[in-house]
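Shown below is the structure under consideration.
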Amino acid sequence: MKHYILFGPPGAGKGTQAALMVEKFNLRHISTGDLLRREIKAGTELGRQAAALIEKGNLVPDEVVEGMIAGELAAHPHVKGFIYDGFPRTVAQAEVLDKLLADRGEAVTAVISIMIDDEMVLSRIKHRALLENRKDDADESIIRTRIANYHAKTEPVIGFYKAEGKYNEINGEGAIEEIFERILSVL
Ligand code: ADP
């Protein structure tokens, strides 16, 4: 089974590109952000706790998202593979994913990192705030917290996958189709 990770800062376009990959390669899309927003909408206890963190621009605990990933893997045994979007976001999550996959006799196939700089993160998310109703997109100071958390907690994941020889980086500036072509060229 294929296991592709779409990596990058908030607002890099991971969700958009994941949708294109799903269509082309018939993979199952796992977005931890979408899964968490679903819990929030459903009003579960997990959703209530997650909302308090997400709305401040902080990450939810590793164990929470790791549990969601394990659940998604178990729930879809007959797919060609998975595309992870917004996960792993910490080195601890990357280690758990390796272990979950090793237990299945599988491994991460490749990491595709969509790179944009902090100023573009800010302008993309401000634009998205006009289209989608996300509380974590609505306020510049929350976006800046997310950017800071990305640098502190998520960026170290790059070194983890570089050491495994699985890391590929592409420029995330440009048109959606152009960026998709760049992804295809590294796969
Ligand atoms: P974006 O890429 O714009 O930040 P996401 O939908 O991926 O949006 O994530 C929204 C929020 O959900 C994050 O800011 C974080 O609070 C939480 N979240 C999503 N994925 C994870 C994860 N793997 N680990 C911890 N928190 C997460």
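All values reported here derive from a predicted model rather than from experimental measurement. Start at 1 and go down the list; that is how both ligands and their atoms are numbered. FYI, the numbering just counts along the sequence from 1.
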How close does the nearest protein non-hydrogen atom get to atom 10 (C) of ligand 1, and which residue and atom is it? R134 NH2, 3.5 Å
Testing the basics here: between I116 and E173, what is the closest heavy-atom pair and its distance to 0.1 Å? CG2-N, 4.2 Å
Short list, please: which atoms of ligand 1 are under 4.0 Å from a heavy atom of P10? 1 (P), 2 (O), 3 (O), 4 (O)
How are the rings of Y167 and F7 set relative to one another: parallel (under 30°), tilted (30 to 60°) or perpendicular (over 60°)? perpendicular
Atoms of ligand 1, numbered as shown, that sit under 4.0 Å from any heavy atom of F87: 23 (N)
For ligand 1, note which part of K56 has a heavy atom under 4.0 Å away: side chain, backbone, both or neither. neither
What protein heavy atom is closest to atom 17 (C) of ligand 1, reported as residue, atom name and distance in Å? L36 CD1, 3.7 Å
Are V121 and I142 connected into the same hydrophobic cluster when the rule is that any two of I, L, V, M, F, W, Y join if their side-chain heavy atoms are below 4.5 Å apart? no
Residue, atom and distance of the protein heavy atom nearest atom 24 (N) of ligand 1 read Q93 NE2, 2.9 Å
Which one of R146, H127, K126 satisfies the side-chain hydrogen bond (donor to acceptor under 3.5 Å, both in side chains) criterion with D137? R146
Which is closest to atom 16 (O) of ligand 1 in terms of heavy atoms, V60, L59, N58? N58
Filtering K14, R89, E132, K153 for the heavy atom nearest atom 7 (O) of ligand 1 leaves R89
Distance from atom 20 (N) of ligand 1 to nearest protein heavy atom, with residue and atom: T32 OG1, 2.7 Å
Spell out, yes or no, whether L6 and I176 are grouped together once hydrophobic residues are joined by side-chain heavy atoms under 4.5 Å, including indirect joins. yes
Hey, does G86 come in under 3.5 Å of ligand 1, counting only N/O atoms on both sides? yes
Separation between CE (M68) and CG (L73), nearest 0.5 Å, reads 13.5 Å
Identify the heavy atoms of G13 and R124 that sit nearest to each other, and give their distance. N-NH1, 4.2 Å
Polar proximity ligand 1 side, R37 side, N/O cut 3.5 Å exclusive: yes
Where is the nearest protein heavy atom to atom 3 (O) of ligand 1: which residue, which atom, and how far? R128 NH2, 2.7 Å
Please determine, by modelled atom types, if D118 and H151 share a side-chain donor-acceptor pair under 3.5 angstrom. yes
Got the closest protein heavy atom to atom 14 (O) of ligand 1, with its distance? R146 NE, 3.9 Å
Using a 6.0 Å cut-off, check whether atom NE2 of H76 has over 12 heavy atoms from anything other than its own residue. yes
